[in-house]
Amino acid sequence: MNPTVESLRRAFGERIGRALVSCGQTIVYVDPGSVREILLWLKDTPEEDYDFLVDVTAVEYRDPERPLELVYQLRSLTRGAELRVKAELAKDQPLEVASVVPLWAAADWLEREVYDMFGISFHEHPDLRRILMWETYTEGYPLRKDFPLRGRLSRSEQVRRALAATPEAHYSLAELSIAQAQYDLPADMRERLERGERGMIPEPGRRDDG
Amino acid sequence: MGTTLVGQVSPNWITTRLDFLVNWARANSMWPMPFGTACCAIEFMATAASRYDLARFGMERMGYTPRQADVLICAGRLPFKLAPVIRRIYEQMPQPKWVISMGACASSGGIFDNYAMVQGIDTVVPVDVYVPGCPPRPEGLLYGILLLHKKVKGETMADPELRKERWLEPGSLRIPPRLIDELSEPFGNSIHQTRSA
């Protein structure tokens, strides 16, 4: 068991749930409302020094009673220690959690992927959009267990919607400005992006075209 | 020039001989536009490399610009997100143009019978030659290219449709929706899956 768990219990008490060791990896469950506070403590406490966010992902189990698990894989590059922090999100509650982008910039695209695939929304995320599926995708969140493997719509409707999507709209103007491409854009494409033509992103928890 | 001169007269001995010569040249100087998305692209690279040497069949130059290409080779699966991209690339190519669908995934969706994948690129762009395999060996792709040569050699300059550009409405379907649903019916393991599970 990673000694960090005991330090976490001393610092946060009730907000730290059960902890277990699986395949040599210490997993600690924390209160979803305090995720950012706890991760900030893990990052900034000199004795812990978990300075590297390896991954943010989520797990939904087949058992419908079990909550969704949000997984943060942390690593301390200075100490060579690893810790897996999990937060359980009940399915009957809004799937919301605080973003950790202010702590690690690496969380930006990882949280977008979790949002895209599981529909968990991250508060104060600077740019919470779909990342793998296209922006106008409304069939739902593909990695949820209630999502049928072939999607909700007929194949012809899926092809029609896919062809109607604008390929350029995957990028935001901010992303294009990083690539210094925003000045080379054709006028009509620039106008489309400035207008924010990227369709409506479905609200988390609401099922479209169900 | 050939089209305007010869297109007016009915096919005769001279035009058919001229067709033979012109088609021999056309078939052996096709410029591919590789659209490699997955493991088939690795086999495509092997085909283009020295051992199998695509250049023997006049495909010396890989045109990574659709406006200077004749053959679109879709090597690999096509996700829905790339469907408008391949449609645009295809429309940027000048007529006459051909499409080779390389591998099981490009031809039928392959093992990826899921929410993210186009079930056969023929629902998005017209396809001339389907090359089966997962992925096809370079010999398979070369055989497909030779079949395409055969097709090109059967064309005639007297055909007024040969160089006619056909535009599709942006975002419109190429084939009727009912046919797309029929083409992409579940098969294999997918037969036990339901769309509304």
Side-chain angles (χ1 to χ4, degrees), chain A residues 60 62 64 109 112-113 116-119 129-172 175 185-186 188-189 192-193 197-199 201-202 207-210, chain B residues 35 37 66 77-92 108-127 167-197:
Chain A
E60 183 178 14
R62 199 166 192 178
W109 284 13
R112 276 178 68 188
E113 188 183 349
D116 188 359
M117 292 286 122
F118 291 91
R129 295 181 284 130
R130 285 188 180 274
I131 186 168
L132 298 175
M133 307 308 287
W134 58 100
E135 306 255 341
T136 50
Y137 187 77
T138 54
E139 287 178 58
Y141 303 102
L143 290 190
R144 295 291 294 274
K145 285 286 182 266
D146 62 353
F147 187 89
L149 179 60
R150 309 180 92 229
R152 297 191 197 281
L153 303 173
S154 71
R155 284 300 186 195
S156 53
E157 183 63 13
Q158 286 175 338
V159 174
R160 196 187 65 73
R161 291 193 182 197
L163 285 175
T166 318
E168 290 97 1
H170 299 313
Y171 304 99
S172 67
E175 280 164 341
L185 294 179
D188 64 318
M189 179 176 158
R192 279 206 308 274
L193 287 173
E197 182 187 294
R198 42 192 51 207
I201 299 180
R207 181 188 295 181
D208 294 79
D209 306 307
Chain B
F35 190 85
T37 53
R77 56 194 135 76
L78 187 78
F80 280 124
K81 205 173 175 179
L82 275 181
V85 176
I86 198 174
R87 165 72 67 86
R88 188 176 297 182
I89 286 175
Y90 177 77
E91 292 193 333
Q92 283 178 342
S108 69
I111 59 168
F112 299 103
D113 191 7
N114 62 22
Y115 61 92
M117 218 57 75
V118 172
Q119 301 298 303
I121 63 166
D122 47 6
T123 57
V124 179
V125 293
V127 175
W167 301 106
L168 288 160
E169 286 288 309
S172 71
L173 292 176
R174 193 183 69 79
I175 49 181
R178 192 183 49 78
L179 193 58
I180 293 182
D181 287 337
E182 197 180 307
L183 285 173
S184 50
E185 269 291 291
F187 64 95
N189 287 333
S190 311
I191 208 150
H192 299 300
Q193 297 162 1
T194 53
R195 201 164 270 142
S196 54

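Just so it is clear: chains get the letters A, B, ... in the order the sequence lines come, proteins before strands, and each one is counted from 1.
Atoms CG and CD, on B/Leu173 and A/Glu157 in that order, are 8.5 Å from each other to the nearest 0.5 Å. One distance of note links CD1 of B/Ile180 with CZ of A/Arg155; it measures 11.0 Å at 0.5 Å rounding. In this structure, CZ on A/Arg150 lies 6.0 Å from CD on B/Gln119, to the nearest 0.5 angstrom.
In terms of heavy-atom proximity, A/Val159 sits nearest to B/Val124 at CG1-CG2, 4.4 Å. Among all heavy-atom pairs drawn from A/Met117 and B/Tyr115, the shortest one is SD-OH, 4.1 Å. The two residues B/Ala83 and A/Ala162 make their nearest non-hydrogen contact at CB-CB, 4.3 Å.
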